[in-house]
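A quick write-up on the structure given underneath.
Scope of the values below: all heavy atoms of this structure, side chains included, with no hydrogens, waters or symmetry mates. As the structure is a prediction and not an experimental result, all values here were calculated from the model.
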Amino acid sequence: MGFDYINKMPTPSETKQQFPLPKSLREQKRVRDDTIKKILRGEDNRFIVIIGPCSADNETSVLDYVTRLAKVADETKDQLFIVPRIYTSKPRTTGSGYKGLLHQPDSEKMSDMYAGYLAVRRLHMNVIKETGLTTADELLYPEAYEYISDLLCYMAIGARSVENQQHRLTASGLDIPCGMKNPTGGDLSVMMNAITAAQNSHHFDFRGWEVVSEGNPYAHALMRGYTDISGKSVPNYHYEDIRILSDLYAKSGLQNPSVIIDANHANSGKKYLEQVRICREVLLNRQYSDDLKKLIKGVMIESYIEDGNQKVGGGKYGCSITDPCLGWEKTQALLYEMAEKI
C-alpha cells in the first residue's frame, strides 16, 4: 500500500535554466501569442490550424514533421495560422498504455519522469529554434504547465479533464488561449461551465503556493464529438451542432466567443481519413453562415509523417504509436486546400 518515492522532480526554474528560451525568440513568441489572441477576438480573419501527431513520441521524427509544416505555414500565412500540436502527455481511458514523452522519453523503455520533464521542454524548445513556430500541448497535469509556460501559444484541456476543478482554475491563470473540450459524454453545459470558470478570477492552491488568478478571456470551446450510452461515437461538428453552441454562447455573456473543431476523436470515430471531409464541411458551414464564420476560429487535426498508427516498437518512422493520424502528403494537400477556401 502507499507510494514508493523514486525521484524528486526537477523544478520548473531548474528546467528553464537548463533549456532557456533565447532572447532572440522571445519577441517571436510574443508576436505569435498576440496573433492568436487577435484571431479569437475577431480582429484577424486568419484560420487557426492546430495540427500534429496524436502523441509527440520521438523528437527526431517530430522535428522532421514540424520542419515540413513550417514551410507550408509560411506559404499559407495570409490565410492560416498554423500551430504545431506537440502533445507530450497522453490521457489513457483505462490507465494503461503509452502515456507520452513526459512518462517515457523512450517509448520502448520504462517510465522516467525526471528525464521526461527535461525531454518535454527540450522538444518544445527545439521546435521553436528550428522552425520559429510556437506550439500547443494538452494540460493533462496542471502542475506540469510551468515547465513549458514560456514556450506555448496554445493549451487544450481534454474531455476527461474538463470537469476537474484544478484544471479549470489553472486555465484561469494561463496567459495563452485555452481550448476546453466537451466531455466524453457530450454535455455541452459541462464545457460551458468550464469556460466560465476559466474566464473568471480564482483564489486557490497551485504548486504549493496560495495564488490568485486573473481569469483567462481566451478560454473557448473545443468540440471533439462524444460517446453515447451504447459506446457509439457521435459527432458534434455539424451545422446544427454549432448553431446550438452559438445559442449557448449568446446566453452566456462569455468573452471572445470561439470554437475550434477537433476533426478526429469522436467526431471522426477515430477514422483518421475522415478528417479531410470534416475540415471541408467546417469550412463550408463558415461560408454558409456569417454567424458561424465569426464563431468557428479553427480546426484541430491529428497528422504525422505516415498514415495510420502502429504498436509501440513497430519501427515505422513518423507513424503514430497512439491514435491513427493523417499522413504528410494528405496533410499538405488539405492545408493548401483550406488556405484557398478561407
Test of ring centre spacing under 6.0 Å for Tyr304 and Trp328: no
Heavy atoms of other groups near Asp290 CG, more than 12 under 6.0 Å: no
Heavy-atom check, side chain of Asp241 versus side chain of Pro235, under 4.5 Å: no
Criterion salt bridge (Lys or Arg N to Asp or Glu O under 4.0 Å) against Asp34, the qualifying member of Arg30, Lys38, Lys37: Arg30
Parallel, tilted or perpendicular, as decided by the 30° and 60° cut-offs, for the rings of His103 and Tyr141: tilted
ILVMFWY network linking Val83 to Val299, side-chain heavy atoms under 4.5 angstrom: no
Check: Lys297/Ser258 side-chain N/O donor and acceptor closer than 3.5 Å: yes
Audit row: Arg121, Tyr147, side chain to side chain contact (heavy atoms under 4.5 Å, CB included) steps and yes/no: CA-CA 7 Å; Arg121 181 164 178 84; Tyr147 290 86; 5.5 Å; no
Hphob cluster co-occupancy, Tyr336 + Leu80, side-chain heavy atoms under 4.5 angstrom: yes
Verify same cluster id: Ile301, Leu69 (apolar side-chain graph, 4.5 Å): yes
Under 3.5 Å side-chain donor-acceptor pair for His265 and Asp262: yes
Glu306 and Tyr317, any side-chain heavy atoms less than 4.5 Å apart: no
Between Ser172 and His202: side-chain donor-acceptor atoms closer than 3.5 Å: no
Exam field: side chain Asn58 to backbone Thr60, donor-acceptor pair closer than 3.5 Å: yes
Main-chain N/O of Thr322 paired with Asn309 side-chain donor or acceptor, under 3.5 Å: yes
Pair Glu59-Asn126, side chain to side chain donor-acceptor pair (under 3.5 Å): steps then yes or no: CA-CA 9 Å; Glu59 181 171 325; Asn126 285 339; 2.8 Å; yes
Distance-only side-chain donor-acceptor flag, Asp64 / Ser61, under 3.5 Å: no
Parallel, tilted or perpendicular: ring planes of Tyr154 versus His220, cut at 30 and 60 degrees: tilted
ILVMFWY cluster, Val276 and Leu284 together (side-chain gap under 4.5 Å): no
More than 12 heavy atoms of other groups within 6.0 Å of Lys341 NZ: yes
Donor-acceptor pair between Ser303 and Tyr65 side chains, under 3.5 angstrom: yes
Glu75, CD: over 12 other non-hydrogen atoms inside 6.0 angstrom: yes
Among Gln275, Arg85, Lys270, the one residue meeting side chain to side chain donor-acceptor pair (under 3.5 Å) with Glu302: Arg85
Any Ile242 side-chain heavy atom under 4.5 Å of Ile261 side chain: yes
Distance-only polar pair, side chains of Asp228 and Ser230, donor-acceptor under 3.5 Å: yes
Steps toward side chain to side chain contact (heavy atoms under 4.5 Å, CB included) verdict (Arg68, Ile305): CA-CA 9 Å; Arg68 303 180 193 198; Ile305 295 171; 3.7 Å; yes
Within the 6.0 Å centroid threshold, strictly below: Phe47 and Phe81: no
Glu14 atom CD, over 12 foreign heavy atoms within 6.0 Å: yes
Whether over 12 other heavy atoms sit under 6.0 Å from Lys330 NZ: no
Other residues, nucleotides, ligands: >12 heavy atoms within 6.0 Å of Tyr249 OH: yes
Arg224 side chain to Thr184 side chain, donor-acceptor N/O pair below 3.5 angstrom: no
Backbone of Ile39 reached by a side-chain donor or acceptor of Asp44 within 3.5 Å: no
Candidate pair Met192 and Met180, rule side chain to side chain contact (heavy atoms under 4.5 Å, CB included), full reasoning: CA-CA 8 Å; Met192 299 304 289; Met180 317 290 281; over 6 Å; no
Leu151 and Ile148: CA distance, side-chain angles, deciding distance, side chain to side chain contact (heavy atoms under 4.5 Å, CB included) verdict: CA-CA 5 Å; Leu151 306 177; Ile148 49 176; 4.1 Å; yes
Pair Ser111-Lys99, side-chain donor/acceptor within less than 3.5 Å: no
Cluster link Val127 to Leu101, ILVMFWY, side chain under 4.5 Å: yes
Any side-chain donor near an acceptor of the partner, Tyr145 and Asp137, under 3.5 Å: no
Check: Ser161 and Leu140 side chains under 4.5 Å, non-hydrogen atoms: yes
Under-4.0 Å salt bridge between Glu337 and Arg280: yes
Side chain to side chain donor-acceptor pair (under 3.5 Å) between Ser189 and Asp187, intermediate numbers included: CA-CA 5 Å; Ser189 70; Asp187 186 346; 2.6 Å; yes
Considering all heavy atoms, the nearest Met223-Asn182 contact: CA-OD1, 3.4 Å
Side-chain donor-acceptor contact under 3.5 Å, Ser107 with Asp57: no
Glu210 CD: over 12 foreign heavy atoms closer than 6.0 Å: no
